[in-house]
Amino acid sequence: MSGAGPLLEVEGLEKHFPITRSLGEVVGRAKPRAVHAVDGVSLTIRPGETVGLIGESGSGKTTLGWLVARLHAPTAGTIRFGGNDVTHLSGKALRHWRSHVQVVFQDPVGSLDPRLRVWQIIGEPIRAQTGASRTQTRARVEALLPTVGLPIDCLDQYPHEFSGGGRQRLSVARAISVDPQLMVLDEPTSALDVAVQAQILNRLVELQRERKIAYLLITHNVAAVRYVADRVAVLYLGQLVELGPVRALLEHPVHPYTKALLAAVPVPDARRRKLRYRIQGDIPSLVDPKPGCRFAPRCPFVIDRCRVEDPILRPAPGAADRLVACHRAEEVGDVPPEALLAPAPSALSPTP
Ligand SMILES: Nc1ncnc2c1ncn2[C@@H]1O[C@H](COP(=O)(O)OP(=O)(O)O)[C@@H](O)[C@H]1O
Ligand SMILES: [Mg+2]
């Protein structure tokens, strides 16, 4: 696998979950409906790069992460990894490929089998990939434990004997056990208290430096993104609305949804802490969405065009390394996020 090109290239990726059919659909009078959880996402990740993926809950972040790791089969689109098309891998080829992309799940309790011991949990991918013996597996797991900050004498313990942070270290050890080139970190620290979050994030950063692993970091935590990510992707209702280098994007968000999302993040300054932008309007349904911008019903800058024409992800005004999907990017790009804070942003000349 060459290090020159992108490690992961996702193009037009879709995941639609069919909805249980009603009687009308069964007898053929109505079209089957589907939840468009991921709806046309294109994204690349370079070797060793960290891309942060942010967006409200229900925007499709986990589904996108699972697609990238091929834990879901896509409805449409392509996934290339190291230059090879892996969209339709199955069976043995898929199992073999899985060593390249590992997932650390949000919930370290639900994702660790309580009946298995540490060496079995961490060693499972090793055994699946290499068919290593029990003795070989135990030895490899023992060698891995210090790299995630766990004591080597915990090989025979069970997950419930660990704290939340300890369990997440087990998950990280399991993921790195097969030397992946990409790790999908799905809210890896959101279940942990703040001090432990920092320890786990630091460990992940160090592991990345040591092993040159690329990360897709899914998180609500903008501070974590700022600290860890090279680029940020913003997902809204299954579609990317903005993508760019972390500093530029967080300091100067162009898309109205990104501005709203960042304005809603509590800031450490006590004076401003109470200010929250209330994103107005209804969240459009992910079930068979209508044409037009999905943020249109809630956007303070909406114009008629937004309600009929899908905005495509295109280079942001004056920034070749940034992409934004907004018809009005040129006009609204410079509006600061704070201007979207409630009450009504009258200074913004929002269109009625
Ligand atoms: N296995 C599934 N079957 C049906 N719908 C699903 C499934 N997984 C996720 N969804 C739906 O897809 C949408 C996106 O979910 P998810 O990817 O979990 O979002 P996020 O991680 O951003 O909170 C939600 O509406 C969710 O209910
Ligand atoms: Mg999720």
Side-chain angles (χ1 to χ4, degrees), residues 8 10 12-22 25 31-43 45 50-77 79 101-112 164 167-168 171-172 175 182-192 197 200-201 204 215-222 224-225 228-229 231-243 255 257-258 260-262 264-265 279 281-290 294-295 297-298 313 325:
L8 176 81
V10 152
L13 203 58
E14 292 180 8
K15 182 67 184 176
H16 297 177
F17 296 108
I19 293 176
T20 317
R21 302 193 312 159
S22 67
E25 289 156 2
K31 253 177 49 187
R33 298 179 306 156
V35 174
H36 293 216
V38 170
D39 217 9
V41 168
S42 299
L43 178 72
I45 302 182
T50 297
V51 174
L53 180 63
I54 59 175
E56 286 167 291
S57 21
S59 55
K61 302 182 300 297
T62 295
T63 305
L64 180 56
W66 280 45
L67 284 169
V68 160
R70 279 300 322 275
L71 296 173
H72 280 317
T75 307
I79 306 169
V101 184
Q102 290 283 303
V103 181
V104 173
F105 300 94
Q106 173 167 10
D107 167 20
V109 179
S111 62
L112 300 176
R167 281 194 288 257
Q168 207 49 304
S171 304
V172 172
L182 172 65
M183 274 165 54
V184 175
L185 308 169
D186 192 355
E187 316 220 19
T189 62
S190 63
L192 309 173
Q197 285 189 13
I200 301 277
L201 275 180
L204 286 166
Y215 288 158
L216 178 64
L217 174 64
I218 298 171
T219 183
H220 279 103
N221 185 339
V222 173
V225 166
V228 177
R231 287 187 301 145
V232 190
V234 184
L235 198 63
Y236 184 70
L237 295 178
Q239 298 183 330
L240 286 188
V241 297
E242 187 158 6
L243 177 67
H255 196 284
Y257 175 67
T258 317
L261 191 69
L262 295 177
V265 171
I279 303 177
D282 298 333
I283 305 174
S285 170
L286 280 171
V287 179
D288 297 337
K290 296 181 183 61
R294 295 206 179 156
F295 192 55
R298 305 166 87 188
L313 206 55

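In this text, all values refer to a predicted model and were calculated from it rather than measured experimentally. Order of appearance sets the numbers: ligands from 1, and atoms from 1 within every ligand.
Of all protein heavy atoms, the one lying nearest to atom 12 (O) of ligand 1 is A37 CB, 3.3 Å. Scanning all protein heavy atoms for the shortest distance to atom 10 (N) of ligand 1 gives F17 CE1, 3.6 Å. Shortest contact from atom 11 (C) of ligand 1 to any protein heavy atom: V35 CG1, 4.1 Å.
By the 4.5 Å heavy-atom criterion applied to side chains, Y215 and L204 are counted as neighbours. You'll find the side chain of S190 stays beyond 4.5 Å of the side chain of H220, heavy atoms only. Using a 4.5 Å heavy-atom cutoff, the side chains of E187 and K61 are in contact. L235 is listed as a side-chain neighbour of V41, based on a closest heavy-atom distance under 4.5 Å. Within the 4.5 Å cutoff, the side chain of L240 has no heavy atoms near those of the S42 side chain. For the pair V35 and K15, the minimum side-chain heavy-atom distance is 4.5 Å or more.
For ligand 1, the polar-atom distance check against T62 finds a nitrogen or oxygen pair separated by under 3.5 Å. For ligand 1, the polar-atom distance check against H72 finds no nitrogen or oxygen pair separated by under 3.5 Å.
Residue L286 touches ligand 1 through its side chain alone, judged by heavy-atom distances below 4.0 Å.
For atom 19 (O) of ligand 1, a protein non-hydrogen atom is found at a distance below 4.0 Å. For atom 26 (C) of ligand 1, no protein heavy-atom neighbour is present inside the 4.0 Å cut-off.
In summary, T62 places an N/O/S atom under 2.8 Å from the Mg ion (ligand 2), meeting the contact criterion.
Look at E56 and R298 and you find a salt bridge, because one of the NZ, NE, NH1 or NH2 atoms lies within 4.0 Å of a carboxylate O, short of that distance.
By the 4.0 Å heavy-atom criterion, E56 is counted among the residues contacting ligand 1. At a 4.0 Å cut-off, at least one heavy atom of G60 sits close enough to ligand 1 to count as contact.
If you number the atoms of ligand 1 from 1 as listed, the ones under 4.0 Å from a heavy atom of S57 come out as 23 (O).
Nearest to atom 16 (P) of ligand 1 by heavy-atom distance, out of D186, T63, L67, I19, is T63. Among A34, G55, G58, the residue whose heavy atom lies nearest to atom 23 (O) of ligand 1 is G58.
Checked against H72 for a side chain to side chain contact (heavy atoms under 4.5 Å, CB included), the options V38, T62, T63 give a single hit: T63.
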Q: Test H255 against V234 for side chain to side chain contact (heavy atoms under 4.5 Å, CB included), laying out the working first.
A: CA-CA 9 Å; H255 196 284; V234 184; over 6 Å; no
